[in-house]
Amino acid sequence: MSELFSVIVYLGVPAVLLLGSRHVAAMAKLGPIVLCYCAGLILGVTGLVPSTAEAMRTTVTEASLGLALPLLLFSVNVLAWRRLAGRALLSMFLAVASVVFLSTLLFYAFSAGGVERAEQLSGMAVGMYTGGIANLGAIKLALGIPDARYLLFATLDTLAGAAYLLFVLTKAPSFFARFLPAFDKRTDVEEGAVPDENGAAASPVVQTVTALVAAGACVAAAVLLAPMVGIVETEIAVITLLTTFGLVLSFFGPIRKNVVATKLGMYLIYVFSFCVAASLDLGALRTMDVSILVFILVALFGSLALHALLCRLMRVDTDTFLITSVAAIMSPAFVPMVARSLNNPAILMSGMATGILGFAIGNYLGIVVALLLGSGV
């Protein structure tokens, strides 16, 4: 497989799967992330990718995530966060605090049990359950987490996340309504809405070029400046700077209103997922500690339970609790589905806004938690 052909495969397969998920019902049920993981696994275990293509795979993996982070952050409206409904912002804070607390406890428990580098698991859990898959990938690169451990975590999280989402869509509303207040529909929660900003009038081609140039500038600046930071490893500095530069550029209207940037960013996340899965070493995967599944289940459902307890103490209503929980644990993409399930469109925008907030801070939190725990603080 020539380098050019390998690049075509790494970039083309996710595009085909994304297209299929939009037009084929069976593929739509699985979703592009799962499809990319599965396709990458097949590519990896069948040995169709020769060792000579590994260097190119690594390059595509790092480049796709590096560009994806600022592209996804360009659409963030930081100034709109001040208009978030008070209880939605409070509930999101409680959700984040819950996963940080549980992940820290799990670190000490698993470290005492002999699990090596348990801070990596805590960092991934904090990033994943405050923002989503993009945070997980960023933390993987920042902390130098082995592909096999990352892939196992991501795969098991997909299964646990499916169980969590099924619970939220079916039994959770009636279950939590037993001890959380009911949603007060007289309250104007739309104060938490993020203004609906129309995309710029420029053509899709112009928007694509603009988004890629801006993201490329973020990557170049982060790579050049990271070695100068000094206080942390270069990989961590690069991810932190990328996140920061992406947020800074989001203050510029034309960049924030670029509707193509988010789509490009998500496509590159699919490319990243496909490339990581294609690197699977079955031998390494078989030797992985199955206790990682226990870590994920406790981090996910334990933080959900703690979040609910804190919401009861703070008198946060059921619908707000559930929508912010989904925004944190599953990402903003799942908020509309849950809002419809709850038959409460009034909480949609607050859920989306808090989810974007979680995504924006997830990298910082995940990296800081892992570094502090790993240093013995």
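Just so you know, residue 1 is the first one in the sequence shown, and it goes up from there.
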(request) Please find out if less than 6.0 Å separates the ring center of F176 from that of F179. (result) yes
(message) Please tell me whether M314 and L306 are part of a single hydrophobic cluster in this structure, the criterion being side-chain heavy atoms less than 4.5 Å apart.
(response) yes
(request) May I ask you to decide if V206's main-chain N or O and S203's side chain share a donor-acceptor pair within less than 3.5 Å? (result) yes
(message) Using modelled atom types and a 3.5 Å cut-off, is there a donor and acceptor pairing between side-chain atoms of N135 and backbone atoms of F359?
(response) yes
(request) Check the pair M266 / L72 against side chain to side chain contact (heavy atoms under 4.5 Å, CB included), numbers first and verdict last. (result) CA-CA 7 Å; M266 282 310 303; L72 291 171; 3.8 Å; yes
(message) Using modelled atom types and a 3.5 Å cut-off, is there a donor and acceptor pairing between side-chain atoms of T318 and backbone atoms of P181?
(response) yes
(message) Would you say S325 and Y164 are linked by a side-chain donor-acceptor pair, where the criterion is simply a distance under 3.5 Å?
(response) yes
(request) Indicate if L105 and V115 have the same hydrophobic cluster label, given that clusters are the connected sets of ILVMFWY residues with side-chain heavy-atom separations under 4.5 angstrom. (result) yes
(request) Please round to the nearest 0.5 Å and tell me the distance separating atom CZ of F321 and atom CG of L180. (result) 6.5 Å
(message) So, using side chain to side chain contact (heavy atoms under 4.5 Å, CB included) as the criterion, who are the partners of L297 when residues are at least two apart?
(response) A160, L293, F301
(request) Find out if a path of hydrophobic residues (ILVMFWY) with successive side-chain heavy-atom gaps under 4.5 Å connects Y267 to V16. (result) no
(message) Rounded at 0.5 Å granularity, tell me how far CZ in F183 sits from CG in N343.
(response) 11.5 Å
(request) Output yes when a side-chain donor or acceptor of S122 lies under 3.5 Å from a complementary backbone atom of S103, and no otherwise. (result) yes
(request) Determine whether the side chains of Y10 and T61 contain a donor N or O and an acceptor N or O closer than 3.5 Å. (result) no
(message) Distance check, rounded to the nearest 0.5 Å: L73 atom CG versus N363 atom CG?
(response) 7.5 Å
(message) How long is the straight-line distance from SG of C36 back to CG of L41, given to the nearest 0.5 Å?
(response) 11.0 Å
(message) Would you compute the distance between atom CG of L30 and atom CG of L17 and round it to the nearest 0.5 angstrom?
(response) 10.5 Å
(request) Measure the spacing between OH of Y150 and CD1 of I145 and express it to the nearest 0.5 Å. (result) 9.5 Å
(message) So, using side chain to side chain contact (heavy atoms under 4.5 Å, CB included) as the criterion, who are the partners of P32 when residues are at least two apart?
(response) L18, S21, Y270
(message) Tell me whether R87 contacts the main-chain N or O of V316 through its side chain, where contact means a donor paired with an acceptor under 3.5 Å.
(response) no
